[in-house]
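Remarks on the structure that follows.
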Number of protein chains: 2
Amino acid sequence: MPNRVLQSPPRSTSLLERLRQRSWRLTPQRRVVAEALDGEHVHLTADEVYARAVRRLPEIARATVYNTLNELAAIGEVREVALGPGPKRYDPETVRPHQHLICERCGAMRDVYPLGETQLALPESQRHGFILGRVDVVFWGLCAHCSARKP
Amino acid sequence: MPNRVLQSPPRSTSLLERLRQRSWRLTPQRRVVAEALDGEHVHLTADEVYARAVRRLPEIARATVYNTLNELAAIGEVREVALGPGPKRYDPETVRPHQHLICERCGAMRDVYPLGETQLALPESQRHGFILGRVDVVFWGLCAHCSARKP
DNA sequence: TTGAATGCAAAGTGTTTGCACGTGC
DNA sequence: GCACGTGCAAACACTTTGCATTCAA
């Protein structure tokens with residue numbers, strides 16, 4: 001049998017499960033924050049996370065939500081998305097590399113998985129001596145709802 | 001003589017000149033703000049613009065700088081660039097479409113003109129009913145200076 | 001002359017911090 | 001038990017706003 005077992009095991013797609021696997025100190029507060037973030041196409045602001053968290057755990061403090069979100073971002077379990085005006089958003093999808101499609105009127109945001117992204121490499125002549133890392137792409141447009149409305 | 005004169009006149013690459021052509025009400029304050037922004041690879045924060053402006057016009061108010069930057073952005077003569085943490089930056093290059101290359105350690109930012117960008121169209125199946133507009137791309141990396149330093 | 005721009009200070013957002021208290025491992 | 005997380009309030013960073021004054025056209 002081929003050595004399939006040597007492949008690195010697939011990461012769980014559940015944020016909460018991944019945190020358990022890291023033996024992250026799990027408090028009720030941290031749990032409700034992680035639960036608030038779980039799902040697809042989820043891009044909540046800190047305040048929206050707080051609103052969801054406080055429903056399940058009324059005594060949670062806003063600062064704890066901020067602390068927790070910062071920590072999750074620091075260990076790479078959520079991605080901060082800061083675009084345009086307004087507060088940062090937090091994206092729990094860290095398993096599948098993806099980009100964002102955003103409605104410029106209402107701010108609605110979807111994860112997208114564009115093809116052919118490798119064609120986007122920056123020519124050497126344009127690198128200004130930089131060592132390249134990741135590439136972020138944002139597709140701006142109008143969502144179905146907003147493009148149907150008048151002005 | 002060939003009808004060169006029928007070509008649409010090239011837009012000036014000088015912000016200040018373009019503003020004059022628009023018959024923008026030109027006050028000393030607005031002039032020093034526009035002058036602060038002029039140049040290539042310029043991506044100043046509002047505070048940095050204020051610092052430059054106040055050198056030439058000590059009585060200028062921070063609020064005036066903010067007002068002016070917002071107005072320039074509204075009429076499309078500067079582009080707001082909000083990425084990562086920290087304050088927004090203002091990019092006076094609105095003539096040549098371009099993208100950005102940013103050092104993830106020190107924040108240094110260069111304008112880049114990547115090739116093959118049209119290949120980045122989002123497949124219909126990924127559009128979620130959106131009408132597409134412009135695409136923003138950010139190349140993250142380490143600048144020459146930062147990649148030479150230790151930790 | 002006059003509508004628009006300015007300066008100032010105050011208010012508004014969004015986020016971080018300092019510290020006493022509480023708790024998961 | 002104790003290092004670490006939490007709650008609270010105050011501080012902080014960035015930006016906008018209201019209003020009386022000044023000024024470019």
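So that the names make sense, note that chain A is the first sequence line, chain B the second, and so on, each numbered from 1.
Distance B:R31 CZ to C:dT6 P: 11 Å, rounded to the nearest Å. Rounding to whole angstrom units, CG of residue B:L26 and P of C:dG3 are separated by 21 Å. D:dA24 atom P lies 12 Å from atom CZ of B:R30, rounded to whole Å. With rounding to whole Å, A:K88 atom NZ is found 13 Å from D:dT15 atom P. If you measure from atom CZ of B:R22 to atom C1' of D:dA25, you get 18 Å, rounded to the nearest angstrom. Summarising the geometry, the separation between CG on B:N67 and P on D:dT16 is reported as 9 Å, rounded to the nearest angstrom. When rounded to the nearest whole Å, the span between CH2 of B:W24 and C1' of D:dA25 equals 15 Å.
With salt bridges taken as basic N to acidic carboxylate O contacts below 4.0 Å, none links A:R52 and A:E35.
Proximity of A:Y66 to the phosphate of C:dT15: a side-chain N or O atom is located under 4.0 Å from OP1 or OP2. Put simply, B:T27 has a side-chain N or O that comes within less than 4.0 Å of OP1 or OP2 on C:dT6. Between C:dG7 and B:T64, a contact under 4.0 Å exists linking OP1 or OP2 to a side-chain N or O.
For the pair A:R79 and A:Y90, the NZ or CZ position fails the cation-pi test of under 6.0 Å to the six-membered ring centre and within 45 degrees of the ring normal.
Residue-to-nucleotide proximity on DNA chain D shows that, of A:P28 and B:N70, the 5′-proximal contact is made by A:P28.
B:L142 and B:S147 get closest at one heavy-atom pair: CB-CB, 4.0 Å.
Rounding to the nearest 0.5 angstrom, the gap separating the CZ atom in A:F139 from the CZ atom in B:R127 is 9.0 Å.
Residue B:R25 places a side-chain atom within donor-acceptor reach of the base of D:dA24, judged by atom type and a 3.5 Å distance cut-off alone.
Legend: salt bridge (Lys or Arg N to Asp or Glu O under 4.0 Å) pairs involving residues 58-68 of chain A, not counting sequence neighbours, sorted by first then second residue: A:D47-A:R62.
Between the side chain of B:E48 and the backbone N or O of B:T45 there is at least one donor-acceptor pair closer than 3.5 Å. Here the side chain of B:E93 pairs a donor or acceptor atom with the backbone of B:R96 at under 3.5 angstrom.
Nearest nucleotide to the B:Q29 side chain, out of D:dG7, D:dT15, C:dT6: C:dT6. With D:dT15, D:dC8, C:dC8 as the choices, the nucleotide that has an atom nearest any side-chain atom of B:A63 turns out to be C:dC8.
For the segment residues 47-62 of chain B, residues with any heavy atom less than 4.0 angstrom from an atom of DNA chain C are, sorted by number, B:E59, B:I60, B:A61.
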